[in-house]
Amino acid sequence: MIDDEVKFVAIGIILVMMGVVVYPVLSSHRVIEPFSELGVLGQDGKLGDYPHQVTAGGVVKLFLYVGNDEGSVQYYRVDVKVGDQEQNISDVVPLDAPVISSYELVISNGANTTTPISFSVDDVGLNRRVVFELYRYDADLGGFNYQLWAQLWMNVTTT
Amino acid sequence: MMTSRYLPLLMLLLLVVPQVEAVSRSETRATFELAFAEVKLVEQYGGDVSALLPKLNLALQLINSGSDNDLVKAQLIIEDVSLEAHSAQASGVSSTNTQYIIVGVSLVILGASAVLVYIYGGRLFWGVWVRMKRGWVVKGQ
(Lines give C-alpha, C1' and ligand atoms only; values in the text may rest on other atoms or scores of the structure.)
Protein backbone atom coordinates (compact mmCIF):
# COMPACT_ATOMS: atom_id res chain seq x y z
CA MET A 1 0.00 0.00 0.00
CA ILE A 2 2.74 2.45 1.04
CA ASP A 3 4.98 1.51 -1.91
CA ASP A 4 2.08 2.23 -4.30
CA GLU A 5 1.67 5.71 -2.82
CA VAL A 6 5.41 6.35 -3.03
CA LYS A 7 5.39 5.07 -6.60
CA PHE A 8 2.59 7.43 -7.64
CA VAL A 9 4.18 10.41 -5.90
CA ALA A 10 7.49 9.69 -7.67
CA ILE A 11 5.73 9.34 -11.04
CA GLY A 12 3.82 12.58 -10.33
CA ILE A 13 7.10 14.38 -9.67
CA ILE A 14 8.49 12.99 -12.94
CA LEU A 15 5.41 14.19 -14.86
CA VAL A 16 5.83 17.68 -13.38
CA MET A 17 9.48 17.63 -14.45
CA MET A 18 8.37 16.64 -17.97
CA GLY A 19 6.02 19.63 -18.01
CA VAL A 20 8.84 21.92 -16.88
CA VAL A 21 11.04 20.65 -19.73
CA VAL A 22 8.38 20.91 -22.45
CA TYR A 23 6.65 24.19 -21.48
CA PRO A 24 9.44 26.64 -22.48
CA VAL A 25 9.68 25.00 -25.92
CA LEU A 26 5.92 25.13 -26.53
CA SER A 27 5.48 28.65 -25.18
CA SER A 28 8.56 30.31 -26.71
CA HIS A 29 6.73 31.61 -29.80
CA ARG A 30 3.35 32.13 -28.21
CA VAL A 31 2.14 35.74 -27.85
CA ILE A 32 -0.99 36.10 -25.75
CA GLU A 33 -1.90 39.67 -26.67
CA PRO A 34 0.30 41.31 -29.31
CA PHE A 35 0.32 45.10 -29.35
CA SER A 36 2.31 48.14 -30.44
CA GLU A 37 2.78 51.39 -28.53
CA LEU A 38 2.95 54.99 -29.72
CA GLY A 39 3.63 57.98 -27.50
CA VAL A 40 4.53 61.60 -28.06
CA LEU A 41 6.92 63.10 -25.53
CA GLY A 42 7.70 66.74 -24.89
CA GLN A 43 10.90 68.61 -25.60
CA ASP A 44 12.58 67.08 -22.53
CA GLY A 45 11.69 63.56 -23.59
CA LYS A 46 8.99 63.32 -20.91
CA LEU A 47 5.21 63.24 -20.90
CA GLY A 48 3.94 66.81 -20.78
CA ASP A 49 5.52 70.16 -21.58
CA TYR A 50 4.11 70.08 -25.10
CA PRO A 51 4.20 73.19 -27.25
CA HIS A 52 0.68 74.65 -27.52
CA GLN A 53 1.59 77.87 -29.29
CA VAL A 54 3.89 77.66 -32.32
CA THR A 55 4.87 80.02 -35.09
CA ALA A 56 3.97 79.03 -38.66
CA GLY A 57 7.07 77.58 -40.30
CA GLY A 58 8.87 77.35 -36.96
CA VAL A 59 10.50 74.10 -35.97
CA VAL A 60 8.64 71.96 -33.43
CA LYS A 61 10.90 69.53 -31.56
CA LEU A 62 9.43 66.51 -29.82
CA PHE A 63 10.21 62.87 -29.10
CA LEU A 64 8.42 59.83 -30.47
CA TYR A 65 8.09 56.73 -28.32
CA VAL A 66 7.37 53.48 -30.17
CA GLY A 67 7.15 50.11 -28.42
CA ASN A 68 6.92 46.64 -29.91
CA ASP A 69 5.15 43.80 -28.08
CA GLU A 70 3.95 42.05 -31.24
CA GLY A 71 5.98 38.89 -30.55
CA SER A 72 8.45 39.46 -33.39
CA VAL A 73 10.68 42.12 -34.91
CA GLN A 74 8.63 44.92 -36.53
CA TYR A 75 9.17 47.65 -39.11
CA TYR A 76 7.23 50.77 -38.17
CA ARG A 77 6.47 54.08 -39.83
CA VAL A 78 5.09 57.15 -38.05
CA ASP A 79 3.43 59.80 -40.21
CA VAL A 80 2.91 63.31 -38.89
CA LYS A 81 -0.14 65.14 -40.30
CA VAL A 82 -1.90 68.37 -39.53
CA GLY A 83 -5.66 68.70 -39.50
CA ASP A 84 -8.44 70.43 -37.60
CA GLN A 85 -11.35 69.59 -35.34
CA GLU A 86 -13.70 68.92 -38.25
CA GLN A 87 -11.66 66.06 -39.68
CA ASN A 88 -12.28 62.50 -38.55
CA ILE A 89 -9.69 60.06 -37.31
CA SER A 90 -10.20 56.70 -35.60
CA ASP A 91 -8.35 53.50 -34.80
CA VAL A 92 -9.44 52.19 -38.20
CA VAL A 93 -9.40 55.27 -40.44
CA PRO A 94 -6.33 57.52 -40.57
CA LEU A 95 -6.60 61.31 -40.93
CA ASP A 96 -7.27 62.44 -44.46
CA ALA A 97 -4.47 65.02 -44.64
CA PRO A 98 -1.06 65.28 -46.29
CA VAL A 99 1.98 63.90 -44.47
CA ILE A 100 4.29 66.69 -43.30
CA SER A 101 6.93 64.41 -41.84
CA SER A 102 7.59 60.68 -41.66
CA TYR A 103 9.83 58.46 -39.53
CA GLU A 104 10.71 54.81 -39.98
CA LEU A 105 12.30 52.38 -37.58
CA VAL A 106 12.84 48.68 -36.96
CA ILE A 107 12.30 47.48 -33.38
CA SER A 108 12.95 44.06 -31.89
CA ASN A 109 10.27 42.24 -29.93
CA GLY A 110 9.81 43.55 -26.38
CA ALA A 111 11.86 46.67 -27.08
CA ASN A 112 10.98 50.33 -27.45
CA THR A 113 12.66 53.36 -29.00
CA THR A 114 12.51 57.07 -28.25
CA THR A 115 13.41 59.10 -31.33
CA PRO A 116 13.88 62.88 -31.51
CA ILE A 117 11.73 64.40 -34.23
CA SER A 118 11.33 67.86 -35.68
CA PHE A 119 8.79 69.29 -38.10
CA SER A 120 7.14 72.57 -38.93
CA VAL A 121 3.47 73.48 -39.23
CA ASP A 122 2.63 76.01 -41.94
CA ASP A 123 -1.17 76.24 -41.59
CA VAL A 124 -2.02 79.23 -39.41
CA GLY A 125 -5.03 78.78 -37.14
CA LEU A 126 -6.37 77.98 -33.70
CA ASN A 127 -6.73 74.42 -32.46
CA ARG A 128 -4.69 72.86 -35.19
CA ARG A 129 -4.51 69.14 -34.72
CA VAL A 130 -1.05 67.56 -35.12
CA VAL A 131 -1.68 63.84 -35.58
CA PHE A 132 0.91 61.08 -35.26
CA GLU A 133 -0.09 57.84 -36.99
CA LEU A 134 1.67 54.54 -36.43
CA TYR A 135 1.87 52.07 -39.31
CA ARG A 136 3.29 48.53 -39.14
CA TYR A 137 4.83 46.81 -42.13
CA ASP A 138 3.15 43.56 -43.16
CA ALA A 139 5.66 41.42 -45.07
CA ASP A 140 2.90 39.17 -46.41
CA LEU A 141 0.97 42.08 -47.89
CA GLY A 142 4.10 44.00 -48.85
CA GLY A 143 2.79 47.23 -47.36
CA PHE A 144 2.09 49.18 -44.18
CA ASN A 145 -0.99 48.68 -42.01
CA TYR A 146 -2.47 51.52 -39.98
CA GLN A 147 -2.28 50.69 -36.26
CA LEU A 148 -2.98 53.60 -33.90
CA TRP A 149 -2.62 57.32 -33.44
CA ALA A 150 -1.88 60.12 -31.01
CA GLN A 151 -2.43 63.85 -31.30
CA LEU A 152 -1.45 67.28 -29.98
CA TRP A 153 -3.48 70.47 -30.19
CA MET A 154 -1.63 73.61 -31.23
CA ASN A 155 -2.37 77.21 -32.01
CA VAL A 156 -0.33 78.18 -35.03
CA THR A 157 0.32 81.93 -35.27
CA THR A 158 2.08 84.12 -37.81
CA THR A 159 4.43 85.72 -35.27
CA MET B 1 50.71 50.83 -74.19
CA MET B 2 49.06 53.21 -71.74
CA THR B 3 45.59 52.31 -73.03
CA SER B 4 46.17 48.61 -72.58
CA ARG B 5 47.51 49.28 -69.08
CA TYR B 6 44.40 51.13 -67.95
CA LEU B 7 41.96 49.09 -70.01
CA PRO B 8 40.97 46.71 -67.17
CA LEU B 9 40.39 49.70 -64.86
CA LEU B 10 38.26 51.46 -67.49
CA MET B 11 36.23 48.32 -68.04
CA LEU B 12 35.71 47.97 -64.29
CA LEU B 13 34.52 51.58 -64.07
CA LEU B 14 32.14 51.03 -66.98
CA LEU B 15 30.73 48.04 -65.16
CA VAL B 16 30.47 49.65 -61.72
CA VAL B 17 29.36 53.24 -62.45
CA PRO B 18 26.05 52.45 -64.22
CA GLN B 19 25.11 50.09 -61.37
CA VAL B 20 25.78 52.77 -58.76
CA GLU B 21 23.77 55.35 -60.70
CA ALA B 22 20.93 52.92 -61.25
CA VAL B 23 20.18 52.66 -57.51
CA SER B 24 16.92 54.53 -57.00
CA ARG B 25 15.07 55.21 -53.77
CA SER B 26 12.18 52.90 -54.66
CA GLU B 27 14.55 50.07 -55.60
CA THR B 28 16.51 50.51 -52.37
CA ARG B 29 13.29 50.56 -50.39
CA ALA B 30 12.11 47.37 -52.12
CA THR B 31 15.46 45.72 -51.34
CA PHE B 32 15.15 46.91 -47.74
CA GLU B 33 11.68 45.35 -47.43
CA LEU B 34 13.00 42.06 -48.76
CA ALA B 35 15.88 42.18 -46.27
CA PHE B 36 13.45 42.92 -43.45
CA ALA B 37 11.30 39.93 -44.48
CA GLU B 38 14.45 37.78 -44.39
CA VAL B 39 15.34 39.06 -40.90
CA LYS B 40 11.82 38.30 -39.70
CA LEU B 41 12.14 34.79 -41.09
CA VAL B 42 15.49 34.35 -39.33
CA GLU B 43 13.79 35.30 -36.06
CA GLN B 44 11.02 32.76 -36.69
CA TYR B 45 13.68 30.08 -37.18
CA GLY B 46 15.19 31.01 -33.81
CA GLY B 47 18.14 32.97 -35.16
CA ASP B 48 19.69 35.92 -33.34
CA VAL B 49 18.79 39.13 -35.21
CA SER B 50 20.04 41.63 -32.61
CA ALA B 51 23.14 42.48 -34.66
CA LEU B 52 21.10 43.01 -37.84
CA LEU B 53 18.57 45.52 -36.51
CA PRO B 54 20.97 48.48 -36.00
CA LYS B 55 22.12 47.96 -39.60
CA LEU B 56 18.54 48.01 -40.86
CA ASN B 57 17.85 51.22 -38.93
CA LEU B 58 21.01 52.79 -40.34
CA ALA B 59 19.93 51.77 -43.85
CA LEU B 60 16.53 53.42 -43.24
CA GLN B 61 18.21 56.66 -42.16
CA LEU B 62 20.37 56.62 -45.27
CA ILE B 63 17.39 55.89 -47.55
CA ASN B 64 15.48 58.82 -46.06
CA SER B 65 18.45 61.21 -46.09
CA GLY B 66 17.93 61.94 -49.78
CA SER B 67 21.44 61.86 -51.24
CA ASP B 68 22.40 59.39 -54.00
CA ASN B 69 25.60 58.55 -52.18
CA ASP B 70 23.61 57.56 -49.09
CA LEU B 71 21.35 55.38 -51.23
CA VAL B 72 24.39 53.48 -52.47
CA LYS B 73 25.62 53.09 -48.87
CA ALA B 74 22.15 51.91 -47.82
CA GLN B 75 22.13 49.37 -50.65
CA LEU B 76 25.50 47.98 -49.49
CA ILE B 77 24.31 47.75 -45.87
CA ILE B 78 21.11 45.97 -46.96
CA GLU B 79 23.11 43.46 -49.02
CA ASP B 80 25.33 42.89 -45.99
CA VAL B 81 22.23 42.29 -43.82
CA SER B 82 20.87 39.78 -46.38
CA LEU B 83 24.16 37.88 -46.35
CA GLU B 84 24.33 37.83 -42.56
CA ALA B 85 20.65 36.82 -42.39
CA HIS B 86 21.42 33.60 -44.28
CA SER B 87 24.12 32.54 -41.83
CA ALA B 88 22.01 33.66 -38.84
CA GLN B 89 19.12 31.56 -40.15
CA ALA B 90 21.35 28.49 -40.49
CA SER B 91 22.67 28.90 -36.93
CA GLY B 92 19.11 29.55 -35.70
CA VAL B 93 17.85 26.32 -37.29
CA SER B 94 20.82 24.48 -35.81
CA SER B 95 20.27 25.84 -32.28
CA THR B 96 16.51 25.14 -32.49
CA ASN B 97 17.22 21.55 -33.57
CA THR B 98 19.71 21.17 -30.71
CA GLN B 99 17.08 22.49 -28.31
CA TYR B 100 14.52 19.99 -29.63
CA ILE B 101 17.05 17.15 -29.30
CA ILE B 102 17.84 18.15 -25.68
CA VAL B 103 14.13 18.32 -24.85
CA GLY B 104 13.48 14.99 -26.61
CA VAL B 105 16.34 13.23 -24.79
CA SER B 106 15.20 14.74 -21.46
CA LEU B 107 11.66 13.49 -22.07
CA VAL B 108 12.93 10.00 -22.94
CA ILE B 109 15.08 9.91 -19.78
CA LEU B 110 12.19 11.15 -17.62
CA GLY B 111 9.76 8.69 -19.29
CA ALA B 112 12.18 5.81 -18.75
CA SER B 113 12.57 6.92 -15.12
CA ALA B 114 8.77 6.87 -14.72
CA VAL B 115 8.61 3.31 -16.13
CA LEU B 116 11.48 2.17 -13.88
CA VAL B 117 9.79 3.74 -10.86
CA TYR B 118 6.54 2.00 -11.77
CA ILE B 119 8.22 -1.42 -12.14
CA TYR B 120 10.94 -1.27 -9.47
CA GLY B 121 9.72 1.62 -7.31
CA GLY B 122 8.22 -0.51 -4.56
CA ARG B 123 11.23 -2.82 -4.33
CA LEU B 124 13.59 0.14 -4.33
CA PHE B 125 11.56 1.96 -1.67
CA TRP B 126 11.54 -1.04 0.68
CA GLY B 127 15.20 -1.74 0.00
CA VAL B 128 16.07 1.80 1.06
CA TRP B 129 13.69 1.54 4.01
CA VAL B 130 15.31 -1.68 5.21
CA ARG B 131 18.80 -0.16 4.86
CA MET B 132 17.76 2.90 6.87
CA LYS B 133 16.05 0.93 9.61
CA ARG B 134 18.61 -1.89 9.87
CA GLY B 135 19.65 -0.68 13.32
CA TRP B 136 16.18 -1.10 14.75
CA VAL B 137 15.66 -3.70 17.37
CA VAL B 138 12.27 -5.30 17.99
CA LYS B 139 11.70 -5.72 21.68
CA GLY B 140 9.22 -8.19 23.07
CA GLN B 141 6.90 -7.11 25.84
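In the text below, chain A, chain B and the rest are named by the order of the sequence lines, each starting its count at 1.
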Exceeds 12 heavy-atom contacts within 6.0 angstrom, atom CE of A/M17: no
Turns out that what part of A/L15 lies under 4.5 Å from chain B's heavy atoms comes down to neither
Might you point out which heavy atoms bring B/V117 and A/A10 nearest each other, and give the distance in Å? CG1-CB, 3.6 Å
Please round to the nearest 0.5 Å and tell me the distance separating atom CD1 of A/I11 and atom CG of B/L110. 12.5 Å
Structural part of B/S106 lying under 4.5 Å from a heavy atom of chain A: side chain
Do A/F132 and A/L47 sit in the same hydrophobic cluster, where Ile, Leu, Val, Met, Phe, Trp and Tyr count as joined when their side-chain heavy atoms come under 4.5 Å apart? yes
Same cluster or not: are B/L34 and A/F144 linked, directly or through other Ile, Leu, Val, Met, Phe, Trp or Tyr residues, by side-chain heavy atoms under 4.5 angstrom apart? no
Same cluster (ILVMFWY, side-chain, under 4.5 Å), B/L52 and A/Y75: yes
Distance check, rounded to the nearest 0.5 Å: B/Q61 atom CD versus A/L105 atom CG? 10.0 Å
How long is the straight-line distance from CG of B/L60 back to CD of A/E104, given to the nearest 0.5 Å? 5.0 Å
Inspect the surroundings of OH in B/Y45 and state if more than 12 heavy atoms from other residues, nucleotides or ligands are less than 6.0 Å away. no
When clusters are formed by joining ILVMFWY residues with side-chain heavy atoms under 4.5 Å apart, either directly or through shared neighbours, do A/V130 and A/L148 land in the same one? yes
Above 12 or not: heavy atoms from other molecules or residues under 6.0 Å from CG of A/L141? yes
Which one wins on heavy-atom pair count under 4.5 Å against chain A: B/N64, B/I109, B/L56, B/L124? B/N64
Would you say A/N145 has more than 12 foreign heavy atoms packed within less than 6.0 Å of its CG? yes
Is B/Y118 in contact with chain A via its backbone, its side chain, both, or neither, using a 4.5 Å heavy-atom distance? both
Using the rule that two of Ile, Leu, Val, Met, Phe, Trp, Tyr join whenever any of their side-chain heavy atoms come within less than 4.5 Å, decide whether B/L53 and A/L64 are in one cluster. no
Could you tell me the separation between the NZ atom of B/K40 and the OG atom of A/S72, rounded to the nearest 0.5 Å? 3.5 Å
Looking only at heavy atoms, which two atoms of A/V73 and B/F36 are closest? And how far apart? O-CZ, 3.8 Å
To the nearest 0.5 Å, tell me how far B/D48 CG sits from A/S108 OG. 10.0 Å
Tell me the residues of residues 92-104 of chain B whose non-hydrogen atoms fall below 4.5 Å from those of chain A, in number order. B/Q99, B/Y100, B/V103
